[in-house]
Amino acid sequence: MERIFIGVAWPYANGSLHLGTLAGCLLPGDIFGRYHRMKGNAVLMVSGSDEHGTPITLTAEKEGVEPKEIVDRYHEEHKKNLEELGIHFENFTRTSNEFHKNVVKDFFLRLYDKGYIYPEKMKAFYCENCARFLPDRYVEGICPYCKGKARGDQCEECGKTLEPEEILQPKCKICGGKPTLKETEHLFFKLSAFENKLMEWLKNKHYWRDNVLNFTLNLLKAGLKDRAITRDIEWGVEVPLEGYENKRIYVWFDAVIGYLSASKEWAEKKGMPDEWKKWWMEEAKHYYFLAKDNIPFHTIIWPAMLMAHGGLNLPYDVPANEYLTMSGEQFSKSKGIGIWIPNMLKKFEADVIRYYLSINMPEKHDTDWQWEDFVAKNNNELVAIYGNFIHRVITFASKNFGVVPPYTKGDDLDARTIEEIKNNFEEVGKAIEKCYFKEGIKRIMRMAQIGNQYMNRVEPWKLLKDDEERCKSVIHICLKIVKFLAVASAPYMPKTADKIWKMLGYNDSIHNRKWDEAYEELEENELQKPVPLFNKLNLDDIVEEPFSKLDLRVAKVINVENHPNADKLYVMELDVGELGKRRIVAGIKPWYEKGELIGKKIVLLANLKSAKIRGVLSNGMLLAADDGGKAVLLIANGKEGSRVYIEGIEGKPVKEMEYEEFRKIKMAAKGGKVEYKGKFLRDETGEIKIDGVVKDGSIIR
RNA sequence: AGCGGGGUGGGGUAGUCAGGAAAACCCGUCGGGCUCAUAACCCGAAGAUCCGUGGUUCAAAUCCACGCCCCGCUACCA
C-alpha cells in the first residue's frame, strides 16, 4: 500500500467553475484519486475555495455587498457542482474558515521565527479617492520607453518590466483617479535563499512533464526574487505580528498553505487529529493537479515554503495541464468566452462531460472544446461504441438467460480476446499512474471496440438456435468484457460505471471494489434489465440561443475593388487576424468611397456560408445598419480577428450559417450603438459604434 | 522583447524525448457485411510534399541549423 496525497489547485471563489478548471485540475485529480483508492492505496485528496484577494473585494463592492457574501455564494455553488460532477475529495474546504487561518498563521510565524520573513519598505500606488493601495494590475498608464499602454509593473506593448515611479500618467482602474506613490512597509519571504536547494531537489525530477520541468528550471536560472507576502487590504488572513493590523497575508501565500490546513482539518473532522502526519511527515507521494499558469506556485514557491518550514513532504509530481480553449480561444470572462459548469450540468450528464474532457484533455498542449466534436464524440463513441456494446450484451443475456451464463465451451478466439482485454486493462492502469489520462480512456474505448468485434465474429444470435452451450459461453465472455469495462471506467465515469455494475447484478457500489477484481470470475448473478447508458445529442438542441451561433469578428479592410459585374457591389479584402485574410462581396458602394474604407475596422460575420454573388465568391459578410435602404457600417475597435459579442451570451459558433438563419437574429440600432435583447454589441475594447447617424430601430444586416 | 508549447490526410487528435519495414485513432466521404443492440455494430477503400529549406545518417514526422506561421506565459483568470 502506498500513501498518495493529491492536491488540486483551489478554484477562486469569484465566479462559477468553468470547463477549463474541470479539464485541467479537477478531473485529472479525481481520476487519479479514484484509481488509487481502488488500487487499495491510502488517498488523501484535498482542495477548497480560494477566497481572498483583491478581485473578490472588488466584486463585492461592485455588487454592494460584503466579500463574505460573494465567497459564500461561490463556495456553496462549487461544492454543489463538484458533487454533481462526481469529483470526490477527502476534504474540500475554504480559505476563509478559522481553521485554515490558524494554520496559515502558525506556518507564517514558524517561517518568521526562522528568519525567512523580513520587513522592508517599498513604494506603492495609493488612490486617495478609493482610499486604498492599488495592486499592480489596477494601475494603468503609459510606458516611458515605447509610449504604449502599461499595466501595473509591466508594459503590455513592449513587455518591459517597470518600476512604479517610471510609469507615466498613472490612472486608478477602479475610479479613474490619479494615484500617488506612498511608502508602505511589507513583509517579504526570502525566496532567493532557496535557489540552490530547489535546484538540488529538482535534479531527480526527470519523470516530470517536460513543460513543467523546463519552465521551472528556466525561472530558477533567471534567479529568484524575494516576494512581498503582505498587502494593504482588509480581506484576508491577518498578519500575526504587531504593527501589521491594517495588512493581510497575500493570497498566494495563504492559498497554498491550504493543502496543509485542509489535511489537518480532515484529520480533525475524522476525530484523529494526528492522522494528517502520515501523509505529510511519513513516506507519501504528493501529486498536485493544476494548469500551466499555476506552475511556479507549485514548483517553486510552495516547495520553498515547505523547505523553509521543514519536516514536511515536498511535491512528488506536478503534472500540470495546458489550457482548454473554446473554439480556439482562451477562456476569459472579460472577452465573453467560456462555458460555465452550472450551465453545463443543467444540460448534460456529468459523465458525458467527463468523457469528452478526458479524451480531449490538454495534457501536452492546449486542446479545443468544440461543440460539433463534443456531440460527435458523444454520439459516435460513447453511445455507439461503448454504450451500445454494453447494452447489446446485457440485453441479449438478460433476455435469453436472465443470469450470467456459465462458460463451458470455448475456443482460441475467446482466449485471444480476453488476453487482449486484459492487456488493455493493465495499460489503462499504467497510463493513469503516469497521469496519461487521455491514453487510458482511449484504451477503454478500444476495449469496447474489441468487444464489438468479438460479438460480430462469433454471432451469438445465430448460436442461440443451433449451439446453446457455445452461445452461453460466448455471452459469458462478453459479460466479462462488460465487467472489465465497468471497472476500468470507474475512475473516468464513476456514475456510469456504477450503473453497469448494477446491471451485472451487483448490489454494492463499484467504488468500494478493488481494481484487480476486473479479472476475477463472474458470479452467477441475476442480470438487471438494461437501460441505455447514454443518449444521442443534437447540436441544434444545444445551441438554442440563435445569437450564439454567430461568429462575429473584428476585421480590418485592407483592399477594396469594384465588383466586375455589379454597380452597387465592392469586392473587399479583409484582415481577420487569426482567421487570416478574407474576401467578401459587400453592397455598400453607393455610400462609401474606396479610399475611406481602407484601414477601417468593421464587423464581419465570419461563419456565413460562402456564396457566389454575381460570379464572385464571398466568404462572409460585413454588418451594417440599414437606415431606410442606406447602409451604414458598424465600427469596431478591437484587434483584428477578435470576437464581437453580446455580454452574457455564450459564443458557440457553428461551422456554417445559412443566410436565412442569420436574418432571424434581430439586432437593431439604438443611440448609435447596436442592441440585441437589451444589451449592446461589443468587442474586447468596448461597444460597437455605428458609423454615422441612423434612426433608432434600423435593422442590422 | 524574452521564455515555453505547437504546426501530422477535409475536421479533431496520437506518434517526436530513446530515428527504422504499411504514419495510429475518432469523425467525415465511398463501397461491402451483419441484423443481437440506442438506424447502433463490423470489414474494406480513397485521401498526408508529417509547415518550409538545408544538414547529420544506411535510414528522419522523429536529431541539428535557419526561416515562416499559430498559441500561451512573463509570477492572481485553470
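Note that these values count all heavy atoms, side chains included, but never hydrogens, waters or copies made by symmetry. Here the structure is a predicted model, which means the values were calculated and not measured. Note on naming: letters A, B, ... go to the chains in the order of the sequence lines (proteins, then strands), and numbering restarts at 1 for each one.
Using atom P as the reference point in both B:U62 and B:G54, the two lie 14 Å apart (nearest Å). To the nearest whole angstrom, the two C1' atoms, one in B:G44 and one in B:U38, are 25 Å apart. Straight-line distance between the C1' atoms of B:A18 and B:A60: roughly 15 Å, to the nearest whole Å. B:C50 sits 15 Å from B:C63 when the P atoms are compared, rounded to a whole Å. Nucleotides B:G15 and B:A1 place their P atoms 31 Å apart, quoted to the nearest Å. B:C26 and B:A45 have their P atoms separated by 14 Å, given to the nearest Å. Comparing B:C30 with B:U74, their P atoms sit 47 Å apart, to the nearest whole Å. Taking atom P in both B:G2 and B:C66, one finds a spacing of 13 Å when rounded to whole Å.
Within the nucleic acid shown, A:Leu533 comes within 4.0 Å of at least one base atom, counting heavy atoms only. Among the heavy atoms of the strands lying under 4.0 Å from A:Pro532 is at least one base atom, whether or not backbone atoms are also near. A:Ala384 comes within 4.0 angstrom of the backbone, heavy atoms only, and of no base. Using a 4.0 Å heavy-atom cutoff across all strands shown, A:Phe297 reaches sugar-phosphate atoms only and no base atom.
Using the Watson-Crick or G-U wobble rule with both distances under 3.5 Å, B:G44 pairs with B:C30. Under the Watson-Crick and G-U wobble criteria, each requiring two contacts below 3.5 Å, nucleotide B:U57 is left unpaired. Nucleotide B:U35 forms no Watson-Crick or G-U wobble pair with any nucleotide shown, as no partner meets the under 3.5 Å limit on both distances. Across all strands shown, B:G2 pairs with B:C73; the Watson-Crick or G-U wobble distances both stay below 3.5 Å. Base pairing annotation: B:A24 forms a Watson-Crick or G-U wobble pair with B:U13, both donor-acceptor distances under 3.5 Å.
A side-chain donor-acceptor contact under 3.5 Å links A:Asn321 and A:Arg209. Under 3.5 Å, the side chains of A:Tyr386 and A:Ser489 contain a donor-acceptor pair of N or O atoms. A donor and an acceptor atom, one from each side chain of A:His100 and A:Thr95, are nowhere located under 3.5 Å apart.
Ion pairing between a basic and an acidic side chain is recognised when a charged N comes within 4.0 Å of a carboxylate O; A:Arg643 and A:Asp551 show such pairing. Residues A:Glu420 and A:Arg416 are not paired through a salt bridge, judged by the lack of any N-O separation under 4.0 Å between the basic side chain and the carboxylate. Of the charged side-chain nitrogens involved, at least one lies within less than 4.0 Å of a carboxylate oxygen, so that A:Lys430 and A:Glu427 count as a salt-bridged pair.
Here B:G33 presents its C1' atom at 16 Å from CE of A:Met455, a figure rounded to the nearest Å. Remark: C1' of B:A37 and CG of A:Asn452 are 9 Å apart, rounded to the nearest angstrom. Here B:A78 presents its C1' atom at 12 Å from CG of A:Asp50, a figure rounded to the nearest Å. Remark: P of B:A40 and CG of A:Leu537 are 14 Å apart, rounded to the nearest angstrom. Atom C1' of nucleotide B:C41 and atom CZ of A:Arg457 are separated by 15 Å, given to the nearest angstrom. Counting to the nearest Å, the C1' atom of B:A78 and the CG atom of A:Asp30 are 16 Å from each other. At whole-Å resolution of the value, OH in A:Tyr436 and P in B:C17 are 13 Å apart. Between A:Lys581 atom NZ and B:C69 atom P the separation is 11 Å, expressed in whole Å.
Contact annotation: A:Tyr12 does not reach the phosphate of B:A78 (side-chain N/O to OP1 or OP2, under 4.0 Å). Residue A:Lys462 places none of its side-chain N or O atoms closer than 4.0 Å to OP1 or OP2 of B:C34. In terms of phosphate contacts, A:Gln453 brings no side-chain nitrogen or oxygen within less than 4.0 Å of OP1 or OP2 of B:C41.
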B/S/- along nucleotides 23-31 of chain B (protein heavy atoms under 4.0 Å) is ---SS----
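Residue side chain A:Trp461 meets the stacking definition with respect to B:C36: its ring centre sits within less than 5.5 angstrom of the base's six-membered ring centre, and the planes differ by less than 30 degrees.
Each of A:Asn360 and A:Asn456 was assigned the nucleotide of RNA chain B with the nearest heavy atom; the assignment lying further toward the 5' end belongs to A:Asn360. Both A:Met361 and A:Asn535 lie near RNA chain B, and the one whose nearest nucleotide falls closer to the 5' end is A:Met361.
Closest contact between the side chain of A:Arg227 and the listed nucleotides B:C76, B:C42, B:A78 involves B:C76. In the set B:A37, B:A75, B:C41, the nucleotide with an atom closest to the side chain of A:Leu224 is B:A75.
In summary, the aromatic rings of A:Tyr259 and A:Tyr288 are positioned with their centroids under 6.0 Å apart.
Annotation: cation-pi geometry satisfied between A:Arg231 and A:Tyr250 (NZ/CZ under 6.0 angstrom from ring centroid, within 45° of ring axis).
Interface remark: the A:His18 side chain does form a donor-acceptor pair with the B:A78 base, using a distance-only criterion of under 3.5 Å. Applying the 3.5 Å distance criterion, the base of B:C41 shares no donor-acceptor pair with the side chain of A:Asn388.
Other residues, nucleotides and ligands place no more than 12 heavy atoms under 6.0 Å from the OH atom of A:Tyr436. A 6.0 Å sphere centred on CD of A:Glu234 holds no more than 12 heavy atoms belonging to other residues, nucleotides or ligands.
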